[in-house]
Amino acid sequence: MTARLDIVVVYPDLLGTYGDGGNGAILARRAAWRGIDATLVQASSDRPLPRGDLYCIGGGEDGPQVRAARNLVADGTLAAAVADGAAVLAVCAGYQLTGRAFPDASGRAVDGLGLLDVTTVKGRGRRAVGEVVADPLPSSPSPAGRAGLPVLTGFENHAGRTAVGAGASPLARVRHGIGNGDGPDGGAATEGAWSGHVVGTYLHGPVLARNPALADLLLGWALGGDVALEPLDDREEEALRAERLSRAGRR
Ligand code: GLN
C-alpha cells in the first residue's frame, strides 16, 4: 500500500514574507522521491484550515502574525490535528504564535496557540538579523535510523526573544547568531524548541533546504512515528550546507 501524506502550508497570504513556503515544497518532494503519495495544499487565511498530516507555518511581519494567530485560535483545526498526532514545522513568526504568547508591533502580548510551551517578548537589544549556526542538543529528536540531527544552518530576522518553558525542550545551542536569545541564567542562547511532533525554529533559508535531516524527521513523524525513510542523494544539499556553514564561520 502506498503511504499518503497531506502537507499544509498555513496562510501563505499572511506568513509568506520570508520564503518559508519552500519548506512545504521540500517536504512534498522528499516524500514523492520515496514513492509516498504527498499532496501539498496552500491554505489561505480566508478559508477554514484543512486537516493534514504535516503543517508548515512560516515567518511574517508583526501585523499579519497577529491576524494569523487569531484566525488559527478561532479556527481550532490546527490544535485538533496536533492532538491527533499531526506534525508541525513553525518558523519565526510561526514559531512565536505556536507558543503561549508573543508581542504585537507595540510590544503588547497576544495569545498564541499554546502548542509549544514557549513565550516570546520583544527583545531589548538590536533586532536579530544574520546567519545562524546551532548545534542540536543531545536531547533533541533524531530522524529514524540516524544518531541525532546534524548542525543546523539558517538565517534569522526577528525582534522577539523566546523563553522555553518546562513543557518544551530547546532544539539546539547557538554557536553563531541569536536564536531564542540569552537564557534566563545568562547562559549561551538556545535555538528553537520542540515537544511531541511540533518543532519551532527561528531559522529561515528555507530551513529544510539547508537541513534535509530535519525534513526527514518531520516526514517520519507525519507518517506515524518511527518510519525509517529510504536515504536520498543529498549531495547538492550537502554542498549548500558546507557553503553556508563556512560563510557563517568567516564572519
Ligand atoms: N514579527 C516577528 C519578530 O520580529 C517575526 C519575524 C519573522 O517571522 N521573521 O520577532
Side-chain angles (χ1 to χ4, degrees), residues 8-26 42-45 55-73 78 88-134 152-165 168 170-172 174 176-183 189-194 198-211 214 244 248:
V8 180
V9 175
V10 177
Y11 300 168
D13 52 324
L14 296 177
L15 301 171
T17 330
Y18 294 87
D20 300 316
N23 289 321
I26 290 159
Q42 305 290 331
S44 154
S45 66
Y55 290 87
C56 297
I57 318 175
E61 288 157 4
D62 296 344
Q65 177 181 8
V66 172
R67 277 180 50 204
R70 294 208 169 119
N71 271 18
L72 288 170
V73 170
L78 187 59
V88 178
L89 171 68
V91 178
C92 202
Y95 169 37
Q96 295 175 359
L97 68 78
T98 58
R100 297 193 180 285
F102 66 91
D104 67 11
S106 68
R108 231 189 333 255
V110 177
D111 284 343
L113 289 160
L115 300 176
L116 274 178
D117 183 11
V118 302
T119 304
T120 302
V121 296
K122 232 179 178 74
R124 281 192 304 271
R126 65 176 175 87
R127 194 173 171 86
V129 182
E131 285 289 313
V132 180
V133 179
L152 298 173
T153 158
F155 71 89
E156 62 186 343
N157 185 346
H158 57 101
R161 298 292 186 270
T162 301
V164 181
L171 187 62
V174 170
H176 181 95
I178 306 286
N180 292 328
D182 286 338
T190 59
E191 155 43 37
W194 69 283
V198 181
V199 175
T201 176
Y202 273 112
L203 302 184
H204 301 289
V207 64
L208 299 185
R210 293 203 196 184
N211 303 280
L214 186 56
R244 292 283 112 184

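Note that ligands are numbered from 1 as they come in the structure, with each ligand's atoms numbered from 1 the same way.
Numbered from 1 in the order shown, with element, the atoms of ligand 1 that lie under 4.0 Å from a heavy atom of H204 read 9 (N). Close approach of ligand 1 to R127 is summarised as follows: ligand atoms under 4.0 Å from at least one heavy atom of the residue are 4 (O). When each atom of ligand 1 is checked for a heavy atom of A93 under 4.0 Å away, the hits are 5 (C), 7 (C), 8 (O). Here is the list of ligand 1 atoms found below 4.0 Å of a heavy atom in G59: 8 (O). Set against the non-hydrogen atoms of Y18, the atoms of ligand 1 under 4.0 Å away are 7 (C), 8 (O), 9 (N). Those atoms of ligand 1 with a heavy atom of N157 less than 4.0 angstrom away are 6 (C), 7 (C), 9 (N).
Taking the side chain as every heavy atom from C-beta outward, Y55 and L78 approach each other to under 4.5 Å. Side-chain contact between F102 and V66: present, with at least one pair of heavy atoms (C-beta onward) separated by less than 4.5 Å.
Contact annotation: E156 has no heavy atom less than 4.0 Å from any atom of ligand 1. Heavy atoms of K122 stay at 4.0 angstrom or farther from ligand 1.
A donor-acceptor contact closer than 3.5 angstrom is absent between the side chains of T162 and Q96.
L15 pairs with exactly one of V91, D20, L97 by the side chain to side chain contact (heavy atoms under 4.5 Å, CB included) rule, that one being L97. A side chain to side chain contact (heavy atoms under 4.5 Å, CB included) with Y11 is found for one member of S44, P64, S45 and no other, namely S45. Between P103 and the options D62, V110, T120, a side chain to side chain contact (heavy atoms under 4.5 Å, CB included) holds for only T120.
Between F155 and H204, the ring planes are tilted. Angles from 30° to 60° get that label.
D62 OD1, 2.5 Å is the protein heavy atom nearest to atom 1 (N) of ligand 1. Counting only heavy atoms of the protein, atom 4 (O) of ligand 1 lies nearest to A159 N, 2.9 Å. In this structure, atom 7 (C) of ligand 1 lies nearest to the protein heavy atom C92 SG, 2.8 Å.
Of all heavy-atom pairs spanning P170 and V164, the tightest one is N-CG1, 3.9 Å.
Every N/O-N/O distance between V91 and ligand 1 stays at or above 3.5 Å. At least one N or O atom of G60, backbone or side chain, sits closer than 3.5 Å to an N or O atom of ligand 1.
R161 places a side-chain N or O within 3.5 Å of a backbone atom of A159 that can act as its donor or acceptor partner.
Only side-chain heavy atoms of Q65 come within less than 4.0 Å of ligand 1; its backbone N, CA, C and O stay farther off. No part of F102 comes within 4.0 Å of ligand 1, judged by heavy-atom distances.
Within 6.0 Å of atom CG in D111, 12 or fewer heavy atoms from other residues, nucleotides or ligands are found, so the atom counts as exposed in its surroundings.
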